[in-house]
Undergrad: 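Before anything else, here's the structure in question.
Whatever order the structure lists them in is the order used to number ligands and atoms, beginning at 1. This is a predicted model, so every value here is computed, not measured.
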Amino acid sequence: MTSMDVIVSLCKRRGFVFQSSEIYGGTGSCWDYGPLGVELKNNIKRVWWRDFVQQRDDMVGLDASILMHATVWKASGHVDSFTDPMVDCRECKRRFRADQVDELAWTHYCESTKGNKFTIPAGEACRHCGARRTLCPECGKGQLTAPRQFNLMFRTFMGPVEEDASVTYLRPETAQGIFVNFDNVLQSTRRKLPFGVGQIGKAFRNEITPGNFIFRTREFEQMEIEFFVNPHETIDGRPADEHWHDRWIAECQAWFTRYGLQPDHVKLHEHARDELAHYSKRTVDLLYHFPMGWSELMGIANRTDYDLKQHAKFSGKSLTWFDEERKEHLVPFVIEPSAGVDRALLAFLLDAYREEEVRGEKRVVLRFHPELAPVKIAVLPLLKKRPEIVATGQDLRARLARRWVAIYDDTAAIGRLYRRQDEVGTPYCVTVDVKTVGDLGKGEVGDQRVTIRERDSMQQIRVPIADLESVFARLLGDTPWADVAAAYPSADG
Ligand code: ATP
């Protein structure tokens, strides 16, 4: 299992993820995506949007605003119950989630054994006096306060006056933007049930204990779907909402493995009855085997008709769908697959990371799915002293960059250039060498062929420059390397 430290350091070194405001000491809870990180993140969002919104005829998209009418959050229940119980240390003033304090072992001086010192394992009470942790897990000295509810929404003010009437919130999830637009989407698209609305966007939560790199942050991105179904319909003898819930669970799991997560690193977690949110009929989380243990990658909930009914109640507007067949107005049930972009990116990075030994040397490679790889093609000159090689390389890059993310790099010797591209997951390198351009001084004409090297097998083939675009259209389409390579001479060795 790849450690988080290895990934954090690679991310910083190669420009995937930087700590936010690092020159000011950083914030522990926000991160910035660097030149490669933004490409990777955009690719994840683009592929998700294409697969779940554009390619399906039962889905449409939406991009709602982050700041919404404050009543939205009353209706959704976030103002009253989007809270975590937290405890404070009276000594060092640190704040912890009450349910997480018990996850650490603690030192206890037990009065019922005349002050004997015990190390009480995580989650357990003292066997002698029954006490649970009362001292701060960080400083070990301060007493912890009793748990208090803490709302996770960021509060702000709309307009120039900071008064209660102008209070609003940064959205803690994108979902509500879809619910409040339900009727707009319905009227403008004339959809029939079942249909879904997808949305990608930022969400903000003032998490008490952010951490584990980009796993839990205070500003993050979500990819959410609200899929509306007719609860009176039955499919294969089951209510439509239950049928669609199972389908979405299977489709989400398949999506993550298709783009690179190892199937045995992903598993489902069925929420027990006491774990379920009050509006949920059933919730299943997709867990990923992160370095700190199995943790939520995404959740897929059956939210019933709760949200639409709440917004109808608070807004006074009808949020129903007219069933022509049964001649009745009904409030659809909703299935909500909700994924975090940042957690997905972290999981894809972790599963792509490999350390291999090649001819006695360590090779670090990110085996990204080509669709996710930040850079698709790197054009590398074998000799940067030869102007014709450099000019040909730069010209090739410009041509390829019209269709794919392609870079040119001549800042090191070829072996090192390959390693650098392996380390950021570039699936193909194109090398321009002396044979490509020839040597007019010696009367040698070039063969106008270049070498393409494949990242995972490190195999090389010699391809005419004229074929490059059609070769990459196939390689970066769905054609396996072996099928393309079979048509060209090998350049290995
Ligand atoms: P957790 O239990 O980890 O706090 P949650 O159950 O509150 O997560 P949801 O409200 O279901 O999360 O949000 C859907 C998805 O949004 C999560 O599965 C996760 O991928 C992402 N997400 C939620 N909170 C954060 C966060 N603080 N940082 C990064 N991603 C987050």
Undergrad: Looking only at non-hydrogen atoms, which of E296, M298, R343 approaches atom 12 (O) of ligand 1 most closely?
TA: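 That would be E296.
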
Undergrad: So which atom in F18 and which in G34 form the shortest heavy-atom distance, rounded to 0.1 Å?
TA: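 Looks like CE1-CA, 3.6 Å.
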
Undergrad: Backbone, side chain, both or neither: what part of L297 comes under 4.0 angstrom of ligand 1, heavy atoms only?
TA: backbone

Undergrad: At under 4.0 Å between heavy atoms, which part of Q222 makes contact with ligand 1: side chain, backbone, both or neither?
TA: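 Within the 4.0 Å criterion, Q222 contacts ligand 1 through side-chain atoms alone.
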
Undergrad: When you look at CG of D236, are more than 12 heavy atoms from neighbouring residues, nucleotides or ligands closer to it than 6.0 Å?
TA: no

Undergrad: Enumerate the atoms of ligand 1 whose separation from the nearest heavy atom of S338 is less than 4.0 angstrom.
TA: 13 (O), 14 (C), 15 (C), 18 (O)

Undergrad: Starting from atom 21 (C) of ligand 1, which protein heavy atom do you reach first, and at what distance in Å?
TA: G340 CA, 3.7 Å

Undergrad: Could you tell me whether a side-chain N or O of T174 sits under 3.5 Å from a main-chain N or O of A203, the two making a donor and an acceptor?
TA: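 No.
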
Undergrad: Tell me the closest heavy-atom pair linking L330 and P332, and the distance in Å.
TA: O-CD, 3.5 Å

Undergrad: Would you mind running through ligand 1 and noting each atom that sits below 4.0 Å from a heavy atom of E207?
TA: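 Under 4.0 Å from E207, ligand 1 has these atoms: 24 (N), 26 (C), 27 (N).
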
Undergrad: Got a donor-acceptor contact below 3.5 angstrom from the E454 side chain to the S457 backbone?
TA: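 Yes, E454 side chain to S457 backbone: donor-acceptor pair under 3.5 Å.
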
Undergrad: Return the residue, atom name and 0.1 Å-rounded distance of the protein heavy atom closest to atom 28 (N) of ligand 1.
TA: T217 N, 3.0 Å

Undergrad: Looking at ligand 1, does any of its N/O atoms fall within less than 3.5 Å of an N/O of R205?
TA: yes

